[in-house]
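Have a look at this one.
Side chains are part of it too, since the values below use all heavy atoms of this structure and drop only hydrogens, waters and symmetry mates. Within every chain, numbering begins at 1; the chains are lettered A, B, ... in the order of the sequence lines, protein sequences first and strands thereafter.
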There are 2 protein chains.
Amino acid sequence: MERAQLGAAPVCGFDLPEQCGNCEVRHLTLCAPLDSGEMQRLVEILKVIDVPAGASVTEEGEPAEHVFNVTGGALRLYKLLADGRRSVTGFLFPGDFLGLTAGDTYTCSAEAMTPVRLCRFPRRRLEGLFSELPKLERRLLAMASNELAAAQDQMVLLGRKTAAEKLASFLLQLSRRQEARHLPPDPVSLPMGRSDIADYLGLTTETVSRTITQFKTTGVISLQPQGRVVLRDRLALEECAEGA
Amino acid sequence: MERAQLGAAPVCGFDLPEQCGNCEVRHLTLCAPLDSGEMQRLVEILKVIDVPAGASVTEEGEPAEHVFNVTGGALRLYKLLADGRRSVTGFLFPGDFLGLTAGDTYTCSAEAMTPVRLCRFPRRRLEGLFSELPKLERRLLAMASNELAAAQDQMVLLGRKTAAEKLASFLLQLSRRQEARHLPPDPVSLPMGRSDIADYLGLTTETVSRTITQFKTTGVISLQPQGRVVLRDRLALEECAEGA
DNA sequence: CGGTTACTTGATGCATATCAAAGAGGGTGG
DNA sequence: CCACCCTCTTTGATATGCATCAAGTAACCG
């Protein structure tokens, strides 16, 4: 596991929901379009939750009683096949939403990769706010649409890209998500292990490792302590990622 | 290409929007939760469109001015890499929705595989109805959530399943979708070509063909004229699909 | 009925998986 | 504070599932 990020990147203000005004990722979350009065309605039903590294937040198939906004740390989403093969369907960072489902169970399991802080909403009560706060539902639809677009990109990656193209796409994706959180694009932080990356890209840990080495050797990236990656030749990565 | 399905399965009643009451896939569409008065508001902004086999309905990256409900025929959704590699991200059948996007461009290209009938809605005007018909937005969110769950399953398939498991999953998926349209589960109709299937499953046409032959040889399926597939051993397919 | 396209089948090759082991962190206890 | 140990990562050798290359065959259309 990795170093805690709660201290390094305090989020959603301090401990108290009343201080969402300080939330560094508000512009990415569910809450983005709400004014302070509307926020108050949300704050009434949310609870701030801290989860230690390695703990589960949701289990695939379990009743979906809550939905969550990630405000600190990082999680992996995954599904398992009958024989134990794993597919990591996504990584969540501050600002990301967890628990959206049309049915009444979670569609994926979610595990904290680092200590994680979440804003937890009872699903029923959040849905109860929809009529009062239509912006909330609008926002949820927009977030779902964005996730769908990302899922389509991931299908292209999994179905048609080579190992190098997959890795390049992955690094750029993380870089862009850092930028969305107003972090520098460049030393990309990898809070996940090689096997998480492998299960996300449809590869093995060995192939991930070899491909990283190859990128290092050809000078397009370089590695820093704590699994941080400097993108030395972003253009080369972009061309690689697009299959040029 | 394939035989037209418009004659065989008349949809959305006859020509006139006023006759949505006869629509055979209404329970699957955007329209499902609306009463007749509410339907009337939709009917005012929709136009029924017929598209010949092979024609494009949307192009990835083009302005998303319309959204569509499929009421007859079948389409493929796809994305291309820079060098021409193609990834088919989905197939659409009657009842399916096309054009959902958070941005202002389409995220995928859509091509008719057979003659297709669509209910076309100007996106702006549909969004304009949201405040008046909140059920509509609720429904769209539910449909997006369902698509997201399907996309996650597809990621597992692409990232971690073998060729045989992919094919088994694919046949079962089509069978279940036929059932959702109140068609028999069993002679599964394949309006798409082998290369469409290959690009959907992350395989080549040759591998798709060989795997189908293998299923035929082992007796789990049998082929009928016009690319219809009988699922002779559904249980075996289900176990294969889940990686048992 | 002939031409064209799509599908099937076969032979071979390669990218990535698998198997195996050595090397690097990083956390803990002495 | 250092040394040990555990786990994760890297590197190497080999294997294999699927891709690629190449015909042959069947289906469809005009």
Rounded interatomic separation in angstrom, taking CD from Gln214(B) and P from dG10(C):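 These atoms are roughly 14 Å apart.
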DNA chain C: 5'-proximal contact among Thr204(A) and Ile212(B) (nearest heavy atom):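 Looking at DNA chain C, the more 5' nearest nucleotide goes with Ile212(B).
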Thr207(B), nearest nucleotide to its side chain (from dC19(C), dT16(C), dA19(D)):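 So the nucleotide nearest the side chain must be dA19(D).
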For atom CD of Gln226(A) and atom P of dG26(C), their distance in whole Å: 7 Å
Atom pair distance, as rounded to whole Å: CD in Glu165(A) and P in dA15(C): 12 Å
Between dA19(D) (P) and Asp199(B) (CG): distance, integer Å: 11 Å
Nearest listed nucleotide, side chain of Glu206(B), among dT11(D), dT9(C), dT16(C):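 Out of dT11(D), dT9(C), dT16(C), the nucleotide with an atom closest to Glu206(B)'s side chain is dT9(C).
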Minimum side-chain heavy-atom gap Pro185(B)-Arg176(B) below 4.5 Å: no
Under-3.5 Å donor-acceptor pair between Arg210(A) side chain and dG12(D) base: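 By the distance-only test, yes, there is a pair.
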Ring centers of Tyr200(B), Phe170(B) separated by less than 6.0 Å: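 Judged by ring-centre distance (under 6.0 Å), Tyr200(B) and Phe170(B) do meet the cut-off.
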For Asp186(A), salt bridge (Lys or Arg N to Asp or Glu O under 4.0 Å) partners two or more places apart: none
Residues Gln152(A) and Thr107(B): side-chain donor-acceptor under 3.5 angstrom: yes
Interatomic distance, Arg228(A) CZ vs dG25(C) P [rounded to whole Å]: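 From Arg228(A) CZ to dG25(C) P: 16 Å.
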Length of the line joining Arg194(A):CZ and dT11(D):P, which is rounded to integer Å: 10 Å
Student check: side-chain heavy atoms of Gln154(B) and Leu157(B) closer than 4.5 Å: yes
For Asp199(A), the option from Arg85(A), Arg76(A), Arg86(A), Lys166(A) that meets salt bridge (charged side-chain N to carboxylate O under 4.0 Å, His left out): Arg86(A)
Options dA11(C), dG26(C), dA17(C), nucleotide nearest the side-chain atoms of Leu203(A): dA17(C)
Flag for Arg194(A)-Ser209(A): side-chain donor and acceptor within less than 3.5 Å: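 On atom types as modelled, these side chains do not qualify, holding no pair under 3.5 Å.
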Touch class at under 4.0 angstrom, heavy-atom based, for Thr213(A) against every strand present: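 Thr213(A): backbone/sugar contact only, no base atoms under 4.0 Å.
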Integer-rounded Å distance: dT10(D) P and Leu190(A) CG: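 About 10 Å, once rounded to whole Å.
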Polar side chain donor-acceptor pair, Glu111(B) to Tyr78(B), under 3.5 angstrom: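 A donor-acceptor contact under 3.5 Å links the two side chains.
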Side-chain donor-acceptor contact under 3.5 Å, Lys161(A) with Ser169(A):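 Present: a donor and an acceptor within the cut-off.
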Separation of atom CD1 in Ile197(B) from atom C1' in dA6(C), rounded to whole Å: 12 Å
Near-strand residues of residues 237-244 of chain A, defined as heavy-atom separation under 4.0 angstrom from DNA chain D: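 DNA chain D contact set from residues 237-244 of chain A: none.
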Residues in contact with DNA chain D, drawn from residues 156-163 of chain B - heavy-atom cutoff 4.0 Å: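 Residues of residues 156-163 of chain B that come under 4.0 Å of DNA chain D are, in numerical order, Thr162(B), Ala163(B).
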